[in-house]
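Down below is the structure, laid out as structure tokens.
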Amino acid sequence: MNTFDTLTINPPILYFGTPVVLITTRNEDGSANITPMSSAWSLADRVVIGLSGGGQGLTNLLRERECVLNLAAESMHAAVERIAPTSGRHPLPTWKHEAGYRHEADKFALAGLHACPSIKVTAPRIAECPLQLESRMTHYVDRPLDDWHDTAGGFAIIELEVLHVHAHADVVVPGTQHIDPSSYAPLFYLFRHYVGRGETLGKTFKAQV
Ligand SMILES: Cc1cc2nc3c(=O)[nH]c(=O)nc-3n(C[C@H](O)[C@H](O)[C@H](O)COP(=O)(O)O)c2cc1C
């Protein structure tokens, strides 16, 4: 077989290595929910995310129009996986229950993570996350297959404006506004496996640090 030979495949998911984001949102009763997710990319002060229908985080985000995007560190993979099979939604949609999920009202306690207050949004930040982006929703597009709020398959693509960036002091280049790529170690999701950042291979001509 030649190195560049290809196969035509139909993979069930396309998580090609995106950061693990823990989205915090405010529930209707004032408590907080954590939604682990990885369909996220950024440009300028905007982050675009994708969320499946039927989740509590999506319901909260569409109601409150704000959230915090907490970027998980690679050291947090076990905490993330503790809350992975759970949902803040009660009762759970049938398809989600059948997929092995259970309801969890307090994901902070289950994960062993700590909430701290935000400045511009009502949802709390996650203290352990090295980057915490307070954000508000600017647009969303839903892709229903049926009634996407309750049926597996539907999803929403949401554009968020980042209002305030909190960064752990040890990932900031001292005296600058820059994240230090040598100390920032995000957690990535690679076809449903957790991976770390690995070694630095080089930098682009536009790098400022
Ligand atoms: C690492 C990781 C990445 C995930 N990525 C996404 C994603 O990008 N979009 C999504 O809708 N669900 C994603 N999920 C699944 C949600 O976390 C799951 O549906 C969860 O029940 C949502 O919680 P909630 O109902 O309390 O919001 C991911 C889960 C894990 C553990």
Side-chain angles (χ1 to χ4, degrees), residues 11-42 47-113 115 123-124 126 128-129 133 135 137 140-145 148-160 185-197:
I13 42 102
L14 286 172
Y15 287 120
F16 44 70
T18 35
V20 174
V21 183
L22 301 176
I23 303 181
T24 38
T25 51
R26 186 178 174 276
N27 294 317
E28 231 166 346
D29 66 3
S31 62
N33 188 54
I34 304 176
T35 302
M37 60 85 63
S38 189
S39 303
W41 59 268
S42 65
V47 178
V48 177
I49 63 171
L51 286 176
S52 311
Q56 186 66 25
L58 177 58
T59 304
N60 288 346
L61 189 49
L62 296 182
R63 186 187 60 252
E64 306 275 324
R65 303 183 70 87
E66 58 181 36
C67 66
V68 184
L69 303 172
N70 301 274
L71 278 294
E74 60 184 30
S75 59
M76 294 172 65
H77 65 91
V80 175
E81 191 51 26
R82 276 196 292 278
I83 57 173
T86 70
S87 170
R89 177 109 178 236
H90 184 70
L92 274 184
T94 308
W95 66 265
K96 210 154 173 164
H97 178 70
E98 287 170 354
Y101 284 90
R102 64 181 193 277
H103 169 67
E104 174 57 55
D106 189 350
K107 295 197 202 175
F108 275 95
L110 181 61
L113 298 172
I126 300 177
E128 287 80 358
C129 289
L133 316 180
S135 307
M137 185 171 82
Y140 88 94
V141 179
D142 63 60
R143 301 285 182 203
L145 292 185
W148 63 265
H149 289 279
D150 288 301
T151 310
F155 60 91
I157 294 174
I158 299 167
E159 181 184 314
L160 301 158
L187 178 64
F188 292 100
Y189 202 40
L190 187 74
F191 291 96
R192 293 198 168 127
H193 289 235
Y194 297 111
V195 298
R197 46 156 282 164

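Just so you know, ligand 1 is whichever comes first in the structure, and atom 1 is the first atom listed for that ligand. As the structure is a prediction and not an experimental result, all values here were calculated from the model. Along the sequence shown, the residues carry numbers beginning at 1.
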Atom 9 (N) of ligand 1: the protein heavy-atom neighbour that sits closest, reported with distance to 0.1 Å: Gly50 O, 3.1 Å
For atom 3 (C) of ligand 1, grab the closest protein heavy atom and report residue, atom and distance to one decimal in Å. Tyr189 CE2, 3.3 Å
With heavy atoms only and a cut-off of under 4.0 Å, state how Thr86 meets ligand 1: side chain, backbone, both or neither. backbone
Sub-3.5 Å donor-acceptor pair from the side chain of Arg82 to the main-chain atoms of Ala111, do we have one? yes
Is the shortest N/O to N/O distance between Tyr194 and ligand 1 below 3.5 Å? no
Please check if the distance between the ring centroids of Tyr194 and Tyr189 is under 6.0 Å. yes
Look only at the side chain of Thr24 and the backbone of Pro124, and say whether a donor-acceptor pair between them is shorter than 3.5 Å. yes
Leu51 versus ligand 1: do any nitrogen or oxygen atoms come within less than 3.5 Å of each other? no
Can you find a pair of side-chain heavy atoms, one from His77 and one from Val80, that are under 4.5 Å apart? no
Is Ser135 reaching over with its side chain to a backbone N or O of Leu133, donor-acceptor style, under 3.5 angstrom? yes
Geometry only, no angles: is Leu58 polar-contacting ligand 1 at N/O separations under 3.5 Å? no
Any heavy-atom pair between the side chains of Ile158 and Val48 that's under 4.5 Å? no
Hey, is Lys107 touching ligand 1 through its side chain, its backbone, both or neither, going by heavy atoms under 4.0 Å? side chain
If hydrogens are left out, which of Ser87, Gly54, Ala40, Ser52 has an atom nearest to atom 12 (N) of ligand 1, that is, the closest non-hydrogen atom? Ser52
Ala84 N/O to ligand 1 N/O under 3.5 Å: no
Check Phe155 against ligand 1 and report side chain, backbone, both or neither, counting heavy atoms closer than 4.0 Å. neither
Check whether Glu64 reaches the backbone of Thr25 with its side chain - one donor and one acceptor, N or O, closer than 3.5 Å. no
